[in-house]
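The structure under discussion appears below in the form of structure tokens.
Since the structure is predicted, the reported quantities are computational estimates derived from the model, not experimental observations.
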Amino acid sequence: MLGFLLARAGVDVMVLEKHKDFFRDFRGDTIHPSTLGLMDELGLLEEFLREPHSELRQITAHFGDQIMHIADFSHVPVKCKFIALVPQWDFLNFLCRHARNYPQFHLRMETEVTDLLIENERVVGVKAITPHGPLNVRADLVVGADGRSSTVRARAGLEVIDLGAPIDVLWFRLPKQPDDPPQAFGFVGAGQFMVLIDRGEYWQSAYVIRKGSFEEKRTRGLEEFRADITRCTPFLGRRVNEIKNWEDVKLLSVKVDHLRKWHREGLLCIGDSAHAMSPVGGVGINLAIQDAVATANLLAEKLRAGQINEAELGRVQLRREKPARLTQRVQVFLHKHLLERIFDSPEPIPPPLLMRLFETFPRLRSLPARMVGIGFRPEHIK
């Protein structure tokens with residue numbers, strides 16, 4: 001997204017992607033109203049919504065037999081009053097197709113950054129490996145957008161503040177049937193929590209576990225794991241037998257952390273490399289895109305003039321740090337006061353008071369909808 005916006009502003013930019021394509025099956029697919037608004041500002045919304053997608057207009061959760069309505073996007077002050085569920089590889093390919101309309105945009109696939117080029121304490125580029133051998137790329141600015149396990153931030157020596165995350169997530173596919181219940185934010189069982197994402201013909205399933213407990217589940221065996229899923233989501237029934245072996249289950253090790261300083265001379269981190277988010281709320285990709293928009297708005301003119309300095313990079317952190325930190329605080333609160341309560345309970349917990357208030361007073365549902373759908377500081381494209 002940042003490469004697209006900078007190229008659109010006349011800045012020569014190269015995006016390095018270590019894989020040969022964008023296909024990662026077990027990623028979140030939520031494109032929130034704030035991001036859909038940016039597509040509209042770029043004049044691309046109508047075309048984007050012609051891509052195969054489904055629309056989530058309310059967020060619900062199942063607490064045993066009770067269905068709680070948590071968020072309703074119908075009152076959120078945006079054009080698109082829904083979350084679009086689009087496979088992330090389709091979204092990235094869509095952005096790349098349009099970015100390539102600008103001659104300043106360059107994308108190199110199968111190019112993995114391994115280190116930084118540093119001269120006189122300034123980052124002046126990166127070292128990478130490709131199928132054809134090593135590659136050095138020099139640049140006025142290096143942007144680390146390489147996620148929660150960022151090579152760029154590690155090589156830059158930037159200090160990471162770990163907020164801790166008591167959860168990991170197990171991803172897997174399960175077949176979908178026509179009489180299944182509609183997509184829900186979560187299914188709460190006895191000591192269990194699970195999210196099902198509608199992928200049309202199948203459910204992309206996220207089974208939330210205590211941090212570090214995956215090996216314990218493997219030791220108990222696959223049959224017991226299937227039984228756990230059935231207890232949490234009984235309607236899935238025998239479909240859990242589609243999990244044939246542990247290779248069908250992918251572990252996401254959840255991190256919630258942030259950099260004390262997002263930058264140094266010649267380098268800036270954004271997205272999860274600057275502030276790794278929990279999957280709670282599915283807001284990570286949308287916060288990262290907001291970072292990209294702010295970065296382009298603040299730095300494009302300086303980059304065109306070749307006058308970028310560290311003070312300019314600090315302006316990006318100054319603008320984007322607070323919304324990221326506030327979102328992380330909400331996620332950490334939900335980890336502690338909801339997910340840990342669920343894990344500690346031998347039976348399904350009752351819906352928390354706040355959720356019961358949302359059920360009693362429907363207009364209150366616009367508050368979590370606004371926080372999830374728009375966030376604390378939405379950005380707009382200049």
Side-chain angles (χ1 to χ4, degrees), residues 1-17 22 31-48 78-79 88 91-109 111 113 117 122-126 128 137-147 152 262-275 285-321 323-324 374-375 377-382:
M1 183 67 169
L2 178 57
F4 177 15
L5 295 177
L6 289 177
R8 178 175 173 269
V11 178
D12 197 49
V13 61
M14 180 179 289
V15 177
L16 306 182
E17 164 60 49
F22 293 123
I31 308 299
H32 290 210
S34 60
T35 303
L36 295 172
L38 296 172
M39 293 294 101
D40 190 39
E41 290 174 9
L42 288 168
L44 301 176
L45 180 62
E46 185 177 339
E47 180 183 349
F48 178 66
V78 290
K79 181 173 183 177
Q88 195 174 117
F91 180 52
L92 293 173
N93 284 326
F94 179 87
L95 289 179
C96 285
R97 282 201 308 273
H98 287 278
R100 288 190 176 103
N101 291 328
Y102 299 96
Q104 294 88 351
F105 180 84
H106 311 277
L107 172 64
R108 290 191 63 117
M109 306 299 287
T111 304
V113 172
L117 296 172
R122 179 184 177 88
V123 176
V124 296
V126 297
V137 179
R138 298 182 70 87
D140 293 330
L141 176 65
V142 171
V143 179
D146 49 343
V152 170
W262 295 16
H263 52 87
R264 57 178 286 181
E265 286 287 353
L267 180 140
L268 173 69
C269 288
I270 62 172
D272 267 8
S273 64
H275 46 77
I285 179 177
N286 300 280
L287 267 172
I289 288 173
Q290 299 290 319
D291 287 355
V293 173
T295 301
N297 286 345
L298 291 168
L299 300 185
E301 185 177 344
K302 298 292 183 180
L303 286 167
R304 278 199 309 269
Q307 297 176 345
I308 200 73
N309 58 50
E310 193 175 3
E312 300 294 338
L313 305 182
R315 294 176 60 204
V316 177
Q317 179 175 354
L318 185 64
R319 179 163 184 85
R320 294 302 309 160
E321 184 174 37
I374 300 178
R377 176 175 274 173
E379 301 290 344
H380 297 279
I381 294 168
K382 290 186 178 178

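Residue Leu5 holds its CG atom at 9.5 Å from CD1 of Ile289, rounded to the nearest 0.5 Å. In this structure, OG1 on Thr295 lies 11.0 Å from CZ on Arg319, to the nearest 0.5 angstrom. Here the straight-line distance linking atom NE2 of His275 with atom CZ of Arg320 works out to 6.5 Å at 0.5 Å rounding. Taken to the nearest 0.5 Å, the CG atom of Leu287 stands 10.5 Å off from the CD atom of Glu379.
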Assess the residue pair Phe4 and Leu42 against the criterion (side chain to side chain contact (heavy atoms under 4.5 Å, CB included)); give the C-alpha distance rounded to whole Å, side-chain angles, the decisive distance to 0.1 Å, and a yes or no. CA-CA 11 Å; Phe4 177 15; Leu42 288 168; 3.9 Å; yes
With side chain to side chain contact (heavy atoms under 4.5 Å, CB included) as the test, would you mind laying out the steps for Ser34 and Gln290 before giving the verdict? CA-CA 8 Å; Ser34 60; Gln290 299 290 319; 3.5 Å; yes
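Looking at heavy atoms from C-beta onward, Phe94 lies in side-chain contact with Leu44 at the 4.5 angstrom threshold. Leu268 has its side chain within reach of Leu299: a pair of non-hydrogen atoms, C-beta onward, lies under 4.5 Å apart. Annotation: side chain of Cys96 is in contact with side chain of Leu107 (closest heavy-atom distance under 4.5 Å).
Asn297 and His380 form no side-chain donor-acceptor contact under 3.5 Å, judged by distance and modelled atom types alone.
Listed by first and then second residue, the salt bridge (Lys or Arg N to Asp or Glu O under 4.0 Å) pairs involving residues 99-108 amount to none (not counting sequence neighbours). Among residue pairs with one or both ends in residues 302-315, those qualifying as salt bridge (Lys or Arg N to Asp or Glu O under 4.0 Å) are Lys261-Glu310, Lys302-Glu312, Glu312-Arg315; sequence neighbours excluded.
Lys79 is linked by a salt bridge (charged side-chain N to carboxylate O under 4.0 Å, His left out) to Asp40, counting only residues two or more places apart in sequence or in another chain. Applying the salt bridge (charged side-chain N to carboxylate O under 4.0 Å, His left out) criterion to Glu321, with sequence neighbours excluded, gives Arg325. For Phe105, there are no ring-ring contact (aromatic ring centres under 6.0 Å, His included) partners, not counting sequence neighbours. Arg97 is linked by a salt bridge (charged side-chain N to carboxylate O under 4.0 Å, His left out) to Glu51, counting only residues two or more places apart in sequence or in another chain.
Without hydrogens or angle criteria, Gln317 side chain to Trp262 main chain gives a donor-acceptor distance under 3.5 Å. Between the side chain of Thr111 and the main chain of Met109, a donor-acceptor pair closer than 3.5 Å is present. A donor-acceptor pair under 3.5 Å is formed between the side chain of Glu41 and the backbone N or O of Ile381. For Asp140 (side chain) and Gly266 (main-chain N/O), no donor-acceptor pair under 3.5 Å exists by modelled atom type. Looking only at distances, a side-chain donor or acceptor of Asp291 sits under 3.5 Å from a matching main-chain atom of Gly271. Panel note: side chain Asn286, backbone Thr35; no donor-acceptor pair is recorded below 3.5 Å.
Counting all heavy atoms, side chain and backbone alike, Leu117 lies closest to Val137 at CD1-O, 3.9 Å.
Within the 6.0 Å centre-distance limit, the rings of Phe48 and Phe91 are counted as a close aromatic pair.
The residue from Leu313, Val316, Val293 that alone fulfils the side chain to side chain contact (heavy atoms under 4.5 Å, CB included) condition with Leu298 is Val316.
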